[in-house]
Amino acid sequence: MLRMSSLFLRTLRDDPSDASVPSHKLLVRAGYIRPIAAGIFSWLPLGVIVLRNVERVIREEMDRAGFQEVHFPALLPKDPYERTARWDEYGPALFRLKDRKGSDYLLGPTHEEMFTLMVKGEYSSYKDLPLNIYQIQTKYRDEARPRSGIIRGREFVMKDSYSFDVDDAGLEVSYNKHRDAYISTFDRLGLSYNIVSAMSGAMGGSKSEEFLAPCPTGEDTYVLCKSCGYAANVEAMVTKAEKKSIDTPPQIEVLDTPNTPTIETLVEVMNKKYNANITAAETLKNVLLVADGEPICVLVPGDREVDLKRLEANLVGVKELRLFDDEDFAKRKEFVKGYVGPQDAKRFGIKLYADPRIVIGSHWITGANLQNKHARYVTHGRDFQVDGFVEAAEVREGDSCPKCDTPVVIDRAIEIGHIFQLGRKYAEALELTVLDGQGKSRVVTMGSYGIGVSRAVAAIAEQTHDDIGLVWPKEIAPAMVHIVATGKEDLPFTTAEKIALDLESKGVTVMLDDRKEASPGVKFKDAELIGNPVIVIVGKALAEGKVELRIRTTGAKSEVLLADVIKEVLAALK
RNA sequence: CGGGGCGUAGCGUAGUGGCUAGCGCGUCUGCUUUGGGAGCAGAAGACCGUGGGUUCGAGUCCCUCCGCCCCGACCA
C-alpha cells in the first residue's frame with residue numbers, strides 16, 4: 001500500500017518553466033520524474049512504479065510469445081562495434097569513454113552486435129533455430145537535440161529483441177510473432193496506435209513497420225487512409241501517379257520570362273504575358289543536389305517542395321545528400337539558378353531522377369537553361385529521359401491513397417515500437433553461421449524489434465491526460481485505487497484503512513491518502529493530478545454510511561454504501 | 001551544428017545602473033481550520049549560472065564560458 005503520509009512525493013502547483021509538452025509538465029508536477037540534465041531524468045517512487053508496470057506488461061507478453069530474456073551490460077567495449085563499422089557510422093550520437101588504460105568503451109545505443117555475438121558463441125546448428133531473445137535495458141544516445149521530456153531523451157529504457165532464423169520464411173514467422181506480441185502489449189498498455197509501413201533506412205534489411213501512437217506532440221508524421229486502413233510513415237508513402245490523359249504536345253517553345261527565378265513569379269509572368277492560365281502544378285521544379293559528391297537533378301511538380309527526408313530514404317545507396325549551394329552553382333555555370341530544365345541533362349552530364357508524378361508523356365513548363373528564359377511543352381520521354389523515378393515530393397493531406405485512391409489524412413505520432421527484418425547484415429559482419437541439414441554453412445538471418453519503454457510512459461501520459469492531471473490505465477497506474485480520507489475525526493481514516501486492506505486482499509493495488517494535516521482540497525487536487533483510475537473518498541458521506549466513488553477517466557461521481565464499496569470498485573476496474 | 005529565447009530560494013516569478021534583492025507556492029513553529037490547492041502570527045531558505053570587464057556604484061550594461069528550453073539540421 002502506498003501511504004501518502006510517508007510517500008516520497010512532492011507535487012508542484014506550477015508547471016516547470018522548461019517543459020512544453022503535457023507528459024513532461026505533468027510527470028514533473030505530479031512527482032514522477034525530476035530533470036537531471038538535458039534529456040536525462042530521475043525516476044521518483046511513483047515514476048518507478050509506472051515504469052516497472054510498463055516493463056511488467058512487456059515482459060509478460062514477450063514471455064507469453066515464448067521469447068527469452070537476457071541482460072547485457074550498458075557499458076560495452078569498442079571491438080564488436082568496430083567489426084560492424086558502427087563505431088564510426090554512429091558518429092557523435094554514440095557516448096564514448098575510455099577506461100584507465102585508455103581503451104575505448106561506449107554506452108550501448110542498441111545491442112545488435114552483442115546479441116549476434118552471444119548467439120554465435122553458443123549455437124552452430126540449424127536445429128537450434130529459430131531463436132527469439134530480448135532484453136530490457138537502459139540505452140544511451142547522445143542526441144543532437146533531446147526534447148519533449150522523456151519522449152526523446154539521451155538515456156532511455158528500451159526493450160529490444162532479436163530473432164535468428166535459417167531462412168527468409170523463418171524470419172517472416174518470427175517477425176509476425178513479434179508483431180502479434182506488440183499488438184497485445186500496446187493494447188494492454190492502453191495506447192491507441194497505428195501500424196504503419198516504414199523505411200528500413202540505414203539499418204538495411206527489407207520489411208519494416210512502426211507502431212505509432214497518434215498525438216499532437218509526436219515527432220513522426222505519417223499518412224493514414226481512413227477508407228482502407230493504409231498507413232505509412234511519410235518517408236515510406238508511395239505516390240499514386242495520376243494517369244492524366246496526354247495529347248501530343250507541340251514542339252518545345254522557348255519563352256522570354258524575365259525575372260522569374262521562382263515558381264511563383266514564373267506562373268505570374270506566364271499568365272500575364274502569355275495568357276497561359278496555368279497553376280504552379282503545371283510547371284516543373286528542377287532541384288539540383290549533391291549525392292555522395294555527384295550532382296543530380298530531381299524533378300518534382302512546381303507546386304510541391306522536395307522532401308529531403310523522403311528523397312534520401314528512397315535514393316537507394318546514397319549516404320550523403322545536400323542541396324546545391326552557391327559554390328556548386330559557381331562551379332557548374334551551365335546550371336542557371338532559377339532557370340534549370342531537364343532537357344539538356346545529357347549534354348550537361350547530370351543524372352535525372354523524377355518524382356512518380358512526372359509520368360512519361362507529360363509535358364511541362366520549365367527552365368530553358370538560359371537566364372530569364374523558360375520553355376514549355378517540354379515532354380518526358382521526348383525531350384528528356386530520366387535515370388529513374390524516386391519518391392521526392394512532399395506528401396500532403398488529401399493526396400491519393402496508393403491502395404484505394406481515397407484522400408489520405410496526415411497525423412503526428414510518437415514512435416513507440418519498430419519491428420523489422422534486418423536480414424544478414426550483422427550476421428555477415430560478425431560471421432554468425434550455422435550448419436544446415438546438408439552440413440553446409442549458412443549465414444543466419446535476423447530480425448530486430450524495439451519498444452521504447454520509458455517513451456511508452458510518456459506516450460500514455462500524452463494520450464490519456466486531461467486538463468487537471470494524468471489519467472493512467474489500471475495496469476500502469478501507481479495504484480488502481482486512490483483512497484482519500486477527509487475530516488479531522490479518526491473514523492474516516494480507520495474506515496479508509498479498512499477499505500484499503502479489503503481491496504488489497506482482492507488483489508487491487510491501493511494508494512491511501514492518510515495525511516492528517518492536508519486539507520480536502522489538496523487531497524482532491526493531488527489525486528486528480530496523480531491520475532489513478534478510481535478514486536474513493538471517505539468523508540462527508542460517511543454519516544449516511546456511504547463513500548464517494550469517482551472514475552478518473554470519465555469524471556463520473558457516485559455515492560455507494562460502505563457495504564458495497566469493494567464490489568463497486570471491482571466493477572469499476574473491470 | 002545553425003537560428004532564437006532564458007538562467008534570481010525547492011517550484012513559479014518581480015526587479016531597465018542607486019539603500020539591506022521583493023512576491024506567490026512549498027518548507028518550519030504556534031494557534032485556528034477540514035469537501036476543492038484554507039486563515040492568522042512568526043521563521044528559515046539566494047555566491048542573482050561562471051569568469052572577466054565598464055562604472056563612484058552591476059541582478060541590471062559589455063565580453064567569455066557553462067547550463068536549460070524552443071525551431072531547424074540530425075535521429076533504428
Side-chain angles (χ1 to χ4, degrees), chain A residues 9-21 24-25 28-31 34-40 86 89-94 108-112 139 141-149 151-154 156 158 160-162 198-205 208-211 217 219-220 233 235 308-309 312-313 320-323 415-422 425-426 446-452 455 468-469 484-490 492-493 513 515-529 535 537-543 547-548 550 557 559:
Chain A
L9 170 72
R10 191 113 304 160
T11 57
L12 303 176
R13 195 183 294 233
D14 300 305
D15 285 333
S17 62
D18 56 3
S20 58
V21 300
H24 188 189
K25 287 180 186 172
V28 171
R29 267 191 65 202
R34 287 290 179 261
I36 294 297
I40 303 176
R86 286 214 293 185
E89 280 174 7
Y90 227 95
L94 195 62
T110 171
H111 285 73
E112 278 81 1
K139 308 276 183 174
R141 290 182 199 169
D142 194 357
E143 296 280 352
R145 182 152 90 86
R147 66 187 88 166
S148 308
I151 294 176
R152 185 182 192 76
R154 295 192 294 172
F156 54 97
M158 183 171 167
D160 52 328
S161 6
Y162 304 86
M199 303 298 295
S200 33
M203 299 300 296
S208 168
E209 289 170 297
E210 288 172 343
F211 288 72
T217 49
E219 299 179 54
D220 281 58
N233 192 298
E235 288 165 29
L308 277 176
K309 278 189 184 173
E312 195 164 8
E320 203 198 330
L321 189 69
R322 61 173 179 82
L323 290 166
E415 181 185 346
I416 47 175
H418 195 165
I419 53 178
F420 69 93
Q421 302 186 358
L422 253 189
K425 173 176 174 178
Y426 291 91
M446 296 171 57
S448 155
Y449 317 90
I451 293 179
R455 179 181 280 184
I468 54 176
V484 174
T486 67
K488 54 179 174 181
E489 310 300 326
D490 282 341
F493 287 83
D513 197 341
R515 293 175 295 178
K516 281 264 168 61
E517 64 286 358
S519 71
V522 170
K523 293 179 179 181
F524 297 154
K525 291 285 187 209
D526 277 348
E528 286 151 357
L529 180 61
I535 300 171
I537 297 159
V538 186
K540 219 167 51 176
L542 205 53
V547 297
E548 187 178 330
R550 293 186 188 178
K557 300 179 182 183
E559 289 196 342

Distance between P atoms of rG26(B) and rA41(B) (Å, rounded): 16 Å
Nearest-angstrom distance from the residue atom CG of Leu12(A) to C1' of rC11(B): 5 Å
Separation of atom CD1 in Ile151(A) from atom P in rC70(B), rounded to whole Å: 10 Å
Residue Asp18(A), side-chain atoms from C-beta onward, closest of rC11(B), rG35(B), rC69(B): rC69(B)
Rounded distance in Å - CD (Glu489(A)) to P (rU33(B)): 12 Å
rG7(B) to rC48(B) separation - P atoms, rounded to the nearest Å: 15 Å
Pair assignment for rU33(B), Watson-Crick or G-U wobble, requiring both distances under 3.5 Å: none
Main-chain N/O of Ala485(A) paired to Lys523(A) side chain as donor or acceptor, under 3.5 Å: yes
Arg141(A) side chain vs Leu94(A) backbone, donor-acceptor pair below 3.5 Å: no
Salt-bridge criterion met for Glu548(A) and Lys540(A) (N-O under 4.0 Å): no
Presence of Ser20(A) side-chain N/O under 4.0 Å of rC70(B) phosphate oxygens OP1/OP2: yes
Lys139(A) side chain near His111(A) side chain, heavy-atom distance below 4.5 Å: yes
Arg147(A), nearest nucleotide to its side chain (from rC25(B), rA38(B), rA73(B)): rA73(B)
rG51(B) versus rC23(B) - spacing of their P atoms, nearest Å: 27 Å
Spacing of Thr110(A) atom OG1 and Tyr162(A) atom OH [to the nearest 0.5 Å]: 3.5 Å
Residue-phosphate contact under 4.0 Å: Lys488(A) side-chain N/O, rU34(B) OP1/OP2: yes
Candidates rG37(B), rU13(B), rC74(B) - which lies nearest the side chain of Leu529(A): rG37(B)
Check: Asp526(A) side chain, rG37(B) base, donor-acceptor under 3.5 Å: yes
Sugar-phosphate, base or nothing in reach of Glu548(A), heavy atoms under 4.0 Å: base
Distance in angstrom units between Glu235(A) CD and rC74(B) C1', rounded: 12 Å
Touch class at under 4.0 angstrom, heavy-atom based, for Phe156(A) against every strand present: nothing
Atom P, compared across rA38(B) and rC28(B): separation rounded to whole Å: 15 Å
N or O in side chain of Arg10(A) less than 4.0 angstrom from rG10(B) OP1/OP2: no
rG42(B) to rG37(B) separation - C1' atoms, rounded to the nearest Å: 23 Å
Sugar-phosphate only, base, or nothing, as touched by Thr486(A) at under 4.0 Å among non-hydrogen atoms: base
Donor on one side chain, acceptor on other, His418(A) and Ser208(A), under 3.5 Å: yes
Any donor-acceptor N/O pair under 3.5 Å between rG37(B) base and Glu528(A) side chain: no
Distance in angstrom units between Glu219(A) CD and rC70(B) C1', rounded: 13 Å
Arg145(A) (side chain) and rG3(B) (base): donor-acceptor pair under 3.5 Å: no
Phosphate OP1/OP2 of rU34(B) contacted by Ser519(A) side-chain N/O (<4.0 Å): no
Between rG5(B) and rC11(B) - P atom distance, rounded Å: 24 Å
Rounded distance in Å - CD (Glu517(A)) to P (rG37(B)): 17 Å
Upstream residue (5' side of RNA chain B) when His111(A) and Arg13(A) are each assigned their closest nucleotide: Arg13(A)
For rG72(B), the Watson-Crick or wobble partner whose two distances fall under 3.5 Å: rC1(B)
Spacing of CD1 belonging to Ile151(A) relative to CD belonging to Glu415(A), to within rounding of 0.5 Å: 12.5 Å
Matching residue for Asp526(A) among Arg29(A), Arg10(A), Arg515(A), Arg13(A) - test: salt bridge (Lys or Arg N to Asp or Glu O under 4.0 Å): Arg515(A)
Touch class at under 4.0 angstrom, heavy-atom based, for Arg29(A) against every strand present: base
Length of the CZ-C1' vector between Arg515(A) and rG36(B), whole Å: 13 Å
Among rG37(B), rA38(B), rG24(B), the nucleotide that comes nearest once only the side chain of Asp14(A) is considered: rG24(B)
Interatomic distance at C1', rG45(B) relative to rC25(B), whole Å: 14 Å
Out of rC74(B), rU27(B), rU34(B), whichever nucleotide has its closest atom nearest the side chain of Ala144(A): rC74(B)
Nearest-Å distance for atom pair CD/P, residues Glu143(A) and rC70(B): 13 Å
Residue whose nearest RNA chain B nucleotide is more 5′ - Ala38(A) or Arg550(A): Arg550(A)
Pairing partner of rU27(B) (Watson-Crick or G-U wobble, both distances under 3.5 Å): rA43(B)
Sugar-phosphate, base or nothing in reach of Ala518(A), heavy atoms under 4.0 Å: base
Touch class at under 4.0 angstrom, heavy-atom based, for Pro35(A) against every strand present: nothing
Identified pairing partner of rG18(B), criterion: Watson-Crick or G-U wobble below 3.5 Å: rC56(B)
Separation of Met446(A) CE from Lys425(A) NZ (nearest 0.5 Å): 11.0 Å
Whole-angstrom distance between rC66(B) and rU50(B), as gauged at atom P: 15 Å
Proximity to the side chain of Ala37(A) - top-ranked nucleotide from rC74(B), rU34(B), rC68(B): rC68(B)
Base-pairing assignment for rG7(B) (Watson-Crick or G-U wobble, both under 3.5 Å): rC66(B)
Touch class at under 4.0 angstrom, heavy-atom based, for Lys139(A) against every strand present: nothing
